[in-house]
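When a residue number appears, it is its place in the shown sequence, counting from 1. Atom set for the values below is all heavy atoms of this structure, side chains included, hydrogens, waters and symmetry mates excluded.
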Amino acid sequence: MSESKSTVSTGPLWLRRLRAAGGSLPERLRGFRGHTIRQWRRSLQFRTVAATVMLTAMAFVGVGAFLSGQIAQGLYQERLATALDESRRGFSTVESIFDGAIGSDQATTTEVVLDALSQLQGSFDETDRKVLLAPLYEKDQENLWLGETNVGGLTSNAIPDELRETIATGEEDAIYYRPVSIVVDNRDVPAIAVGTRVVLPPGNEYELYLVYNIASAQQTLDYIHRSLWVAGAVLLLLVGTIAWFVTRAVVGPVGHAADVSEKLAAGELQERMEVRGEDEVARLGASFNHMADSLQQQITQLAELSQMQQRFVSDVSHELRTPLTTVRIAAEVLYDARNDFDPVNGRSAELLYVQVERFQALLADLLEISRFDAGAAVLESEPTDIFTVIRNVIEGAQPLADQSGSRITIVSSLERCVVDMDTRRIDRILRNLLVNALEHGEGNPIEFLVESNEEGVAVALRDHGIGMSEEDASRVFDRFWRADPARARTTGGSGLGLSIATEDARLHGGWLDASGREGKGSCFRLTLPRNRDGEVNESPIPLPPADFLEDGETETTTNSTASTGTAARKTSDEVKT
């Protein structure tokens with residue numbers, strides 16, 4: 001077992017990750033590629049080091065290719081110059097020998113030629129220089145005393161036809177050359193073939209070649225290439241290491257600042273950057289810490305002010321309960337006896353009673369908000385059919401519906417939907433939404449839309465009244481906010497109803513959102529999980545409604561990607577008022 005662990009932990013980092021990934025090699029390679037892409041996107045240090053290494057590699061390849069070409073050209077030109085100089089002297093000597101053999105017989109001419117070729121070979125090893133004498137290329141000659149002759153085992157097949165043709169058609173005393181490849185020890189090696197045209201008795205023309213083996217120059221070039229590759233690998237390693245250390249010195253504090261920022265955002269206001277030295281990074285850290293100190297101080301002050309405000313609202317609300325109860329009792333007495341007063345005092349008693357009732361409703365809302373702020377709100381949930389709650393809300397708002405002339409319908413594809421909920425709080429949410437819809441619906445129809453999925457249930461209240469703008473929809477749940485503060489309050493209201501409804505929905509693990517279009521009405525949607533401990537990520541009802549969307553416009557409300565087909569809905573209950 002220990003031997004297996006040792007095997008996994010050895011080798012380069014990328015290889016260890018491939019081994020640890022499991023699966024086939026292609027799968028491991030795909031995983032490693034995905035990891036590299038993620039590192040490239042997320043790590044500035046990785047991108048900097050990788051870009052530096054790649055650019056250095058490109059520069060090294062370019063410079064290396066240029067140097068390699070220059071060195072190869074230099075070695076070749078030097079070896080060629082030596083070969084041409086030696087060939088010129090050798091050919092001159094051999095031609096003198098051949099000129100002295102004119103008039104000799106065949107045997108004598110053959111002996112002279114062999115001696116001249118041996119002399120031309122000289123002290124060179126047969127693998128370094130080879131000699132070849134062959135009849136002139138593609139010319140029919142009669143009475144040839146000597147056929148193809150060589151020293152070193154070279155044949156005319158090794159000579160390019162182009163060179164042979166050039167010698168055959170060129171000037172008689174000219175020297176020509178071409179790079180060729182010859183076989184030495186069963187392997188091909190580079191060489192230079194230098195040739196000229198000579199005449200032998202009894203007047204026939206031949207091609208005379210000296211072939212120089214330049215494998216040593218190629219070996220030198222290969223050695224230089226290997227040295228360049230090794231030097232390049234070492235250079236890339238050094239550049240990558242240097243870039244890593246340099247970028248780490250710069251990116252490290254930035255990453256540390258990002259970590260500290262995330263902790264500050266998470267509420268750990270005491271976190272600070274570690275400052276060292278007096279350079280730019282140190283000044284950045286000091287500035288960051290100063291900013292964090294300022295933010296902590298301001299957030300602390302705001303938190304204290306918020307607590308003081310909440311405590312003030314809670315204390316005032318509780319302190320007002322007793323005197324308000326006394327005033328309410330007195331107002332009820334005066335209201336009951338208003339018929340015994342003169343018209344002015346009677347009307348005053350009525351106004352006093354109504355305003356005390358509104359004051360008491362406002363005080364109840366403030367007390368409820370203070371419970372939410374203090375975290376004292378308790379959810380008392382039990383399985384309940386949500387249609388029962390909706391019908392009770394409609395029945396309770398029927399007098400206001402009679403006054404406004406709106407028709408209220410329940411539209412759903414469901415007959416029954418049981419949800420774990422606090423009936424009192426859900427009743428308060430829906431009642432608040434319905435009262436607002438009746439007040440601003442201008443007598444137009446109002447629909448309750450109810451749909452559900454595996455996770456949750458949604459209830460949307462749709463009116464066709466004055467509507468509201470997108471800015472109003474984004475602020476409608478703020479405390480004490482009204483779209484038109486100067487508008488007459490026909491049904492009272494403290495401006496806290498929707499704020500309380502939002503807190504009730506959040507207490508259930510759901511949410512409440514709104515959408516509207518001016519002149520087309522408004523739609524409020526309540527989304528709840530089906531079970532008390534469940535979660536809901538997607539509302540079963542889309543928001544905004546389809547008739548709110550302009551041509552080409554798409555749904556933009558968060559967690560409202562599910563859709564409910566209109567054709568699938570059916571009216572399960574209708575209340576006409």
Side-chain angles (χ1 to χ4, degrees), residues 379-397 407-434 436-437 445-464 473 477 498 500-516 521-549 554-575:
L379 187 67
E380 299 177 356
S381 61
E382 59 181 355
T384 306
D385 183 7
I386 197 167
F387 286 99
T388 302
V389 179
I390 294 174
R391 293 187 184 98
N392 292 336
V393 169
I394 294 175
E395 183 179 355
R407 183 183 63 181
I408 306 173
T409 57
I410 302 176
V411 181
S412 177
S413 61
L414 307 173
E415 295 288 347
R416 189 170 183 270
C417 183
V418 177
V419 183
D420 288 341
M421 61 181 176
D422 189 329
T423 304
R424 179 181 66 86
R425 295 184 184 275
I426 299 302
D427 181 276
R428 180 165 59 188
I429 295 174
L430 299 180
R431 191 179 302 276
N432 193 301
L433 296 179
L434 181 56
N436 285 339
I446 297 174
E447 298 95 17
F448 273 99
L449 310 177
V450 185
E451 294 297 338
S452 67
N453 55 24
E454 295 180 357
E455 296 178 341
V457 60
V459 179
L461 188 64
R462 173 75 163 93
D463 68 68
H464 301 269
F477 300 109
L498 291 179
I500 295 175
T502 301
E503 296 296 337
D504 284 334
R506 187 178 296 117
L507 194 63
H508 282 80
W511 67 86
L512 184 65
D513 43 16
S515 179
S522 303
C523 184
F524 288 80
R525 180 184 64 185
L526 171 65
T527 305
L528 301 172
R530 296 179 69 95
N531 301 317
R532 177 170 183 175
D533 298 328
E535 294 183 359
V536 57
N537 299 313
E538 217 174 66
S539 180
I541 297 178
L543 193 69
D547 58 339
F548 279 4
L549 300 177
T554 59
E555 299 175 11
T556 57
T557 304
T558 306
N559 295 328
S560 302
T561 57
S563 63
T564 304
T566 305
R569 298 176 185 165
K570 61 180 180 179
T571 302
S572 62
D573 195 4
E574 179 174 298
V575 177

Phe524 and Asp513, any side-chain heavy atoms less than 4.5 Å apart
no

Could you check whether any side-chain heavy atom of Leu430 comes within less than 4.5 Å of a side-chain heavy atom of Leu434, counting everything from C-beta outward?
no

Candidate list Thr423, Asp427, Ile426, test side-chain contact (heavy atoms from CB on, under 4.5 Å), partner Thr384, passing option
Thr423

Heavy-atom closest contact (Ala458 atom, Arg525 atom, distance)
CB-CG, 4.5 Å

Find out whether Asn392 and Val389 are in side-chain contact, i.e. whether some heavy atom of one side chain is under 4.5 Å from a heavy atom of the other.
no

Can you list the steps and then say if Val459 with Phe448 is a side chain to side chain contact (heavy atoms under 4.5 Å, CB included)?
CA-CA 7 Å; Val459 179; Phe448 273 99; 3.8 Å; yes

Which pair of heavy atoms, one from Ala505 and one from Leu528, lies closest together, and at what distance?
O-CD2, 4.5 Å

Could you grab the distance from atom CG of Asp504 to atom CG of Asp422, nearest 0.5 Å is fine?
7.5 Å

Test item: Arg425 and Leu379 side chains (from C-beta on) under 4.5 Å apart, heavy atoms
yes

How about Leu414 and Ser412: do any of their side-chain heavy atoms sit closer than 4.5 Å?
yes

Side-chain heavy-atom pair Val419, Asp385 within 4.5 angstrom cut-off
no

Quick one: are Ile429 and Thr502 in side-chain contact, heavy atoms under 4.5 Å?
no

To the nearest 0.5 Å, what is the distance between CG on Leu543 and CZ on Arg462?
10.0 Å

How close do Pro529 and Gly534 get, heavy atom to heavy atom, and via which atoms?
CB-O, 3.8 Å

Spacing of CD belonging to Glu535 relative to CD belonging to Glu455, to within rounding of 0.5 Å
8.5 Å

Whether Asp463 side chain and Ser522 backbone form a donor-acceptor pair below 3.5 Å
yes

Residues at least two apart in sequence or cross-chain that pass salt bridge (charged side-chain N to carboxylate O under 4.0 Å, His left out) with Arg532, listed by chain then number, are none

Salt-bridge contact Asp420-Arg530 (side-chain N to carboxylate O under 4.0 Å):
no

Taking all non-hydrogen atoms of both residues into account, name the closest pair between Trp511 and Val536 and its distance.
CZ3-O, 3.4 Å

Glu447 CD to Leu461 CG distance, which is reported to the nearest 0.5 Å
8.5 Å

Least distance between heavy atoms, Pro540 atom then Thr527 atom:
CD-CG2, 4.5 Å

For the atom pair CG (Asn453) and CD1 (Ile541), what is the distance rounded to the nearest 0.5 Å?
10.0 Å

Measuring from atom CG of Leu433 to atom CZ of Arg428, what distance do you get when rounded to the nearest 0.5 angstrom?
12.0 Å

Would a 4.5 Å heavy-atom cut-off, applied to side chains only, mark Pro445 and Thr409 as touching?
no

